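Working notes, structure below.
Predicted, not measured: the structure shown is a model, and the values here were computed from it.
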Amino acid sequence: MDRVPIDVTTEIEIARPRDAVSAFAADPDNATAWYEKIERVEWRTPPPLDEGSQLDFVARFLGRRLTYTYEIRELVAGERLVMGSSSGPFAMETTYAWADAGDGTRMTLRNRGEPAGFAKLVAPFMAPAVRRANRKDLARLKAILERG
């Protein structure tokens, strides 16, 4: 079976200022609050978050427990966060981007990667599953932030 790339982009508008949305979403210690599938985050390098920081994300996805070690590749406060993993079931890159949207913020979440191992077998089902999970997670983030 050929490798099937995953590339999913999801957006949401949140009625909060960009600095508040980006500060909360970019803080790995908040990930378990808004990512339904993430069970825990462990810092491999000491905080604060910066380019080169490494974190382990332990998640449950498609019925399996997955551990990814992410490295922060790019961090522009209030604008963009890019983190990538070369370990785990497949190489994954996750990008958060924030932009002003009227009185609030438009947050874009992009996941892309190349499945391997178990993930390669279920790759045809992964993009829709990732899209559904991202929509739910962003809705959860919106609810948390707009609740104040």
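- Using a 4.5 Å cut-off on side-chain heavy atoms (C-beta onward), I72 and D50 make no contact.
- Enclosure of atom CZ in R140 by more than 12 non-hydrogen atoms of other residues, nucleotides or ligands within 6.0 angstrom is indicated.
- For the atom pair Y68 OH and T94 OG1, the distance stands at 8.5 Å (nearest 0.5 Å).
- Without hydrogens or angle criteria, T10 side chain to R135 main chain gives no donor-acceptor distance under 3.5 Å.
- Interatomic distance, CD of E39 versus CZ of R60, reported as 5.0 Å (0.5 Å rounding).
- Cluster annotation: L141 and Y96 are assigned to the same hydrophobic cluster (Ile/Leu/Val/Met/Phe/Trp/Tyr, side-chain heavy-atom contacts under 4.5 Å, transitive).
- Cluster annotation: V21 and F24 are assigned to the same hydrophobic cluster (Ile/Leu/Val/Met/Phe/Trp/Tyr, side-chain heavy-atom contacts under 4.5 Å, transitive).
- Residues F57 and A31 come closest through the heavy atom pair CE2-CB, 4.0 Å.
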### Trace of the side-chain contact (heavy atoms from CB on, under 4.5 Å) decision for W98 with L81
CA-CA 9 Å; W98 302 279; L81 167 66; 4.0 Å; yes

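- M107 and V82 fall into different hydrophobic clusters, defined by Ile, Leu, Val, Met, Phe, Trp and Tyr side-chain heavy atoms under 4.5 Å apart, directly or through other members.
- T105 approaches P17 most closely through the heavy-atom pair OG1-C, 3.2 Å.
- A side chain to side chain donor-acceptor pair (under 3.5 Å) with R110 is found for one member of D7, N134, T95 and no other, namely D7.
- Looking only at distances, no side-chain donor or acceptor of E42 sits under 3.5 Å from a matching main-chain atom of D56.
- Taking NZ from K136 and OH from Y35, the interatomic distance works out to 14.5 Å, rounded to the nearest 0.5 Å.
- Atom CE in M92 sits 8.0 Å away from atom CD1 in I6 (nearest 0.5 Å).
- Under the salt bridge (charged side-chain N to carboxylate O under 4.0 Å, His left out) criterion, the residue pairs touching residues 8-18 are R18-D100, with sequence neighbours excluded.
- Note that CG of L55 and CG of L49 are 6.5 Å apart. Values are rounded to the nearest 0.5 Å.
- Taking CD of E36 as the reference point, atom CZ of R132 lies at 12.0 Å (rounded to 0.5 Å).
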### side-chain contact (heavy atoms from CB on, under 4.5 Å) assessment of I38 paired with D137
CA-CA 10 Å; I38 294 181; D137 293 337; over 6 Å; no

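- Panel note: side chain E51, backbone L75; a donor-acceptor pair is recorded below 3.5 Å.
- The side-chain heavy atoms of T9 and T108, taken from C-beta on, include a pair separated by under 4.5 Å.
- Side chain to side chain, D29 and W43 meet the donor-acceptor criterion of an N or O pair below 3.5 Å.
- G78 and S22 make their closest contact through CA-OG, 3.3 Å (heavy atoms, listed as atom of the first residue, atom of the second, distance).
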